[in-house]
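Inspection log for the structure reproduced underneath, given as C-alpha cells.
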Amino acid sequence: QVQLAESGGDSVQAGGSLRLSCEADGYTYSNSYCMGWFRQAPDKAREVVASFYPRGGRPYYADSVKGRFSISGDSAKNTLHLQMNSLKPEDTAMYYCAARSGYSRSCDDAGQYPYWGQGTQVTVSS
C-alpha cells in the first residue's frame with residue numbers, strides 16, 4: 001500500500017520560510033516518473049505548485065512561486081521536499097504531495113497523479 005506523508009507545515013509571518021517534506025512508504029521514489037506539490041486554499045481549486053522528475057529533467061514551477069520555491073528529492077530517504085522562501089499571505093493553503101509511476105504528458109495536472117498524501121497546512125500572516 002502506497003502512503004505519502006507530508007510534514008513541515010506551520011504558521012509563519014509574511015517573508016518567512018518553510019520546508020515541506022513528503023516521505024513515501026510502500027513506494028520507491030526513484031522509480032517515479034514525476035512527483036509534485038499541489039495546494040488548495042478554501043473555496044479554491046487545487047493547483048500545482050511544482051513538479052519534479054526523479055529520473056532527471058527540469059522541474060516545473062507555477063508562475064506564482066517561481067524564484068521563491070524550490071522542489072527537490074532525496075532518493076536515499078525516499079523523500080520529496082519543497083523549500084518555500086519569501087512566503088506571502090496568498091501562499092496560505094493545504095499543501096499536498098503526489099506521485100506517479102508511469103509516463104505522463106502533463107505532470108502539472110493533478111488528475112494525472114494516482115497517489116496523494118493527506119496534506120500539511122501552511123498559513124502565512126501579513
Side-chain angles (χ1 to χ4, degrees):
Q1 184 178 358
V2 175
Q3 289 187 324
L4 302 177
E6 302 95 337
S7 62
D10 205 345
S11 296
V12 297
Q13 291 193 328
S17 298
L18 285 174
R19 188 187 195 213
L20 305 184
S21 297
C22 173
E23 186 172 353
D25 187 26
Y27 182 82
T28 303
Y29 153 92
S30 59
N31 286 342
S32 298
Y33 179 77
C34 53
M35 298 186 74
W37 284 99
F38 293 78
R39 66 186 181 187
Q40 187 166 16
D43 300 322
K44 291 190 176 180
R46 189 169 296 190
E47 62 177 3
V48 65
V49 176
S51 58
F52 178 76
Y53 303 84
R55 303 178 202 171
R58 182 176 297 180
Y60 167 87
Y61 294 97
D63 288 343
S64 58
V65 306
K66 280 181 182 176
R68 300 188 298 123
F69 291 12
S70 177
I71 188 171
S72 63
D74 185 337
S75 59
K77 296 183 178 180
N78 224 27
T79 301
L80 182 72
H81 298 291
L82 183 69
Q83 178 66 43
M84 306 188 296
N85 299 325
S86 302
L87 283 161
K88 303 176 181 180
E90 50 264 44
D91 294 319
T92 295
M94 184 72 78
Y95 283 70
Y96 300 89
C97 72
R100 178 181 176 88
S101 298
Y103 169 79
S104 173
R105 184 176 296 181
S106 178
C107 287
D108 57 339
D109 178 359
Q112 297 296 309
Y113 288 88
Y115 305 120
W116 289 84
Q118 294 298 307
T120 186
Q121 178 67 38
V122 172
T123 303
V124 185
S125 57
S126 57

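- Residues Thr79 and Lys77 share a closest heavy-atom pair of OG1-O, 2.8 Å.
- The hydrophobic cluster containing Tyr53 also includes Tyr33, Tyr103, under a criterion of side-chain heavy atoms closer than 4.5 Å among ILVMFWY residues, counted directly or through chains of members.
- Follow the hydrophobic side-chain contacts under 4.5 Å out from Ile71 and you never reach Tyr115; the two are in separate clusters.
- The closest side-chain heavy-atom distance from His81 to Asp74 is below 4.5 Å.
- Both Leu18 and Leu82 are part of a single hydrophobic cluster, where members link through side-chain heavy atoms under 4.5 Å apart.
- Val65 and Val124 fall within the same hydrophobic cluster, defined by Ile, Leu, Val, Met, Phe, Trp and Tyr side-chain heavy atoms under 4.5 Å apart, directly or through other members.
- Atom OG of Ser126 sits about 13.5 Å away from atom NZ of Lys88, to the nearest 0.5 Å.
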Taking it one step at a time, do Tyr96 and Leu4 satisfy side chain to side chain contact (heavy atoms under 4.5 Å, CB included)? CA-CA 9 Å; Tyr96 300 89; Leu4 302 177; over 6 Å; no
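- Atoms CG and OG, on Leu80 and Ser75 in that order, are 12.0 Å from each other to the nearest 0.5 Å.
- Within the 4.5 Å cutoff, the side chain of Phe52 has no heavy atoms near those of the Ser32 side chain.
- Of the inter-residue distances, the one linking Arg19 atom CZ with Asp10 atom CG reads 15.0 Å to the nearest 0.5 angstrom.
- When side chains are defined from C-beta on, Asn85 counts as touching Ser17, because their heavy atoms get closer than 4.5 Å.
- A 4.5 Å side-chain heavy-atom check between Asp91 and Arg68 finds at least one atom pair inside the cut-off.
- The OG atom of Ser7 sits 8.0 Å away from the CD atom of Glu23 when rounded to the nearest 0.5 Å.
- Of all the heavy atoms in Pro89 and Ala14, the pair that sits closest is CD-CB, 4.1 Å.
- Between Tyr61 and Ser70 there is a side-chain heavy-atom pair separated by less than 4.5 Å.
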Could you please spell out the steps behind the side chain to side chain contact (heavy atoms under 4.5 Å, CB included) verdict for Phe69 and Leu87? CA-CA 9 Å; Phe69 291 12; Leu87 283 161; 3.8 Å; yes
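- Listed here is the closest heavy atom pair of Gln112 and Ser106: CG-O, 3.3 Å.
- Within a 6.0 Å sphere centred on CZ of Arg58, other residues, nucleotides and ligands contribute 12 heavy atoms or fewer.
- Residue Trp116 comes nearest to Ala110 through the heavy atom pair CZ2-O, 3.4 Å, listed as atom of the first residue, atom of the second, then distance.
- Taking a 6.0 Å sphere around CD of Gln40, one finds it holds more than 12 heavy atoms contributed by other residues, nucleotides or ligands.
- Not a single donor-acceptor pair under 3.5 Å links the side chain of Arg100 to the backbone N or O of Met35.
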Evaluate Tyr113 against Cys107 for side chain to side chain contact (heavy atoms under 4.5 Å, CB included), listing each step before the verdict. CA-CA 8 Å; Tyr113 288 88; Cys107 287; 3.5 Å; yes
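- No more than 12 heavy atoms of other residues, nucleotides or ligands shown are found within 6.0 angstrom of CD on Gln118.
- Side chain of Thr123 to main chain of Thr92: no donor-acceptor pair is present (N/O by atom type, distance under 3.5 Å, no hydrogens or angles).
- In Tyr27, the OH atom is crowded: over 12 heavy atoms of neighbouring residues, nucleotides or ligands sit closer than 6.0 Å.
- Using modelled atom types, one finds a donor on one side chain and an acceptor on the other under 3.5 Å when comparing Arg39 with Tyr95.
- One finds the OG1 atom of Thr120 at 7.5 Å from the CE atom of Met94 (value rounded to the nearest 0.5 Å).
- Remark: side-chain polar atoms of Glu6 are paired, donor with acceptor, to backbone N or O of Cys97 under 3.5 angstrom.
- The OH atom of Tyr60 sits 4.5 Å away from atom CG of Asp108, with the distance rounded to the nearest 0.5 Å.
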